[in-house]
There are 2 protein chains.
Amino acid sequence: MAKRRRVANLLALAVLTVAGQRPMHPYEMASVLRARGKDEDMPIKWGSLYTVVRNLEKHGLLEAVESGRQGGRPERTVYRVTDAGREEADDWTRELLSTPVREPSSFVAGLSVMGGLGPDEVMALLRERLEALERRLDAARRALEGERAQLPRLFLVESEYAIAMCEAEAGWVRGLLAELTEGTFPDLDGWRAYRRTGTVPPEVADLAERGRPAD
Amino acid sequence: MAKRRRVANLLALAVLTVAGQRPMHPYEMASVLRARGKDEDMPIKWGSLYTVVRNLEKHGLLEAVESGRQGGRPERTVYRVTDAGREEADDWTRELLSTPVREPSSFVAGLSVMGGLGPDEVMALLRERLEALERRLDAARRALEGERAQLPRLFLVESEYAIAMCEAEAGWVRGLLAELTEGTFPDLDGWRAYRRTGTVPPEVADLAERGRPAD
DNA sequence: ATACGAATGCTCGTCTGCGAGTATACGGGC
DNA sequence: GCCCGTATACTCGCAGACGAGCATTCGTAT
């Protein structure tokens with residue numbers, strides 16, 4: 001827990017993992033990762049690949065093995081994971097699995113500023129989101145069923161999790177939407193008034209001292 | 001949907017929102033945002049505050065109103081949101097609410113590389129995570145109940161959502177853990193073998209062509 | 001044979017994120 | 001009246017991230 005990871009980009013973990021199977025040159029890592037769909041499990045930007053690889057090498061987690069050309073192609077450097085690299089990857093994986101981190105999604109951000117829009121507009125937006133979520137769920141479920149035949153369960157777990165979270169979100173949105181539509185959400189008119197006038201009732205302005213518990 | 005946001009950092013949205021209530025100088029924005037707990041709804045780094053404010057000004061979303069010193073304090077510049085700024089904030093909010101985005105959490109990343117660890121270690125790690133999640137849920141629920149008395153529902157929605165998602169995750173982890181402990185998860189021994197030998201059965205190596213549906 | 005589009009494999013420059021540091025002012029204990 | 005801790009208010013500089021572009025090669029239709 002002491003020092004931050006020397007190469008913090010998650011792409012680095014992906015690289016260590018994939019190059020752990022056999023030595024590879026960067027472009028091959030990219031292809032394999034893409035083919036395995038890892039780019040959907042991590043926020044991977046391919047523009048960062050060579051920077052990350054170079055950094056991994058600089059910190060001794062990856063080492064160049066061979067550097068030659070084949071055919072007329074530009075020079076390729078093949079990298080191998082070092083022992084330190086393997087250890088780093090394992091340790092990183094352990095941390096990711098064992099330690100939940102607060103990662104506010106952009107939806108939370110949206111919810112937390114939605115007061116600025118009126119409740120009616122918010123309803124419309126949420127309906128839109130709900131439809132999108134359902135389309136996505138549908139596609140994901142279908143894809144998962146297709147892959148079940150091909151791949152061991154171990155490789156499908158991330159997809160199952162993603163689907164579960166997506167379902168949970170959809171359910172929650174449906175609930176909120178129901179409250180809004182049926183008018184059981186408290187003080188919709190106050191909210192509408194706030195939208196028009198921009199004024200918060202003074203006692204609410206004191207929300208400045210919202211207590212927050214220690215983590 | 002055409003052009004990317006001129007200032008992409010979510011801190012900018014927070015700034016626009018808070019300065020929309022009344023003109024403020026940067027440090028005051030920070031205090032108010034912190035006091036309202038917005039820093040838990042968005043990935044806010046205070047080091048970026050002044051950069052972000054300057055960028056907002058550069059793009060005409062914020063404008064300097066007054067710039068003087070009081071007491072012996074360093075000079076402060078007070079900013080006001082422009083019409084363009086208000087519009088940008090609303091539009092951004094709409095997008096955040098209506099459009100779900102894939103934001104792979106670090107847990108997904110962990111799941112997608114957990115094959116490298118053995119199943120037994122994974123079980124231990126997941127148990128650890130589950131406990132942490134439950135502690136966090138407990139604290140969050142308690143805090144929410146406390147705030148219910150003070151604040152209108154509108155300001156609590158984000159917390160409710162966060163709790164719901166946390167519950168969903170905990171439930172899913174419990175499920176996976178049960179499968180692992182009871183041995184109903186398929187081919188645990190294959191997994192253990194892979195861990196030791198580092199060899200993947202060749203037919204699985206073809207997972208390289210995992211089909212992915214279009215979004 | 002040849003032309004053209006797609007795939008391969010990589011580089012570069014910009015932009016900005018953000019951690020760490022700094023400097024002053026105020027309050028309150030002794 | 002002095003000192004120290006804490007709050008206030010910012011500045012700086014480096015390290016990455018990553019979009020866009022570039023050069024080469026291969027496949028294939030003509």
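Letters A, B, ... mirror the listed sequences (proteins, then strands); counts begin at 1.
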Rounded to whole Å, the OH-P distance (A:Y79 to C:dG9) equals 15 Å

Contacts of A:T51 meeting side-chain contact (heavy atoms from CB on, under 4.5 Å) (sequence neighbours excluded), chain-then-number -> A:N55

Looking at A:Y50, I'd like to know whether one of its side-chain N or O atoms comes within less than 4.0 Å of OP1 or OP2 on C:dT11. no

Sorted by chain and residue number, the side-chain contact (heavy atoms from CB on, under 4.5 Å) partners of A:A89 (sequence neighbours excluded) come out as A:L13, A:L16

To the nearest angstrom, the CD-P distance between B:E28 and D:dC10 comes to 11 Å

Query raised in the report: Is any side-chain nitrogen or oxygen of A:H25 closer than 4.0 Å to OP1 or OP2 of C:dT8?
Result: no

By salt bridge (Lys or Arg N to Asp or Glu O under 4.0 Å), A:E28 pairs with (sequence neighbours left out) A:R22

Sorted by chain and residue number, the ring pair (Phe, Tyr, Trp, His ring centres under 6.0 Å) partners of A:F107 (sequence neighbours excluded) come out as B:Y161

Side chain to side chain contact (heavy atoms under 4.5 Å, CB included) between A:E131 and A:R135, worked out: CA-CA 6 Å; A:E131 276 162 36; A:R135 274 195 304 275; 4.0 Å; yes

In short, ring pair (Phe, Tyr, Trp, His ring centres under 6.0 Å) pairs touching residues 26-64 of chain B with sequence neighbours left out are none

With B for base contact, S for sugar-phosphate-only contact and - for none (protein heavy atoms under 4.0 Å), nucleotides 13-19 of chain D reads ---SSBB

Q. So does B:Y27 get a side-chain nitrogen or oxygen closer than 4.0 Å to the phosphate oxygens (OP1/OP2) of D:dT8?
A. yes

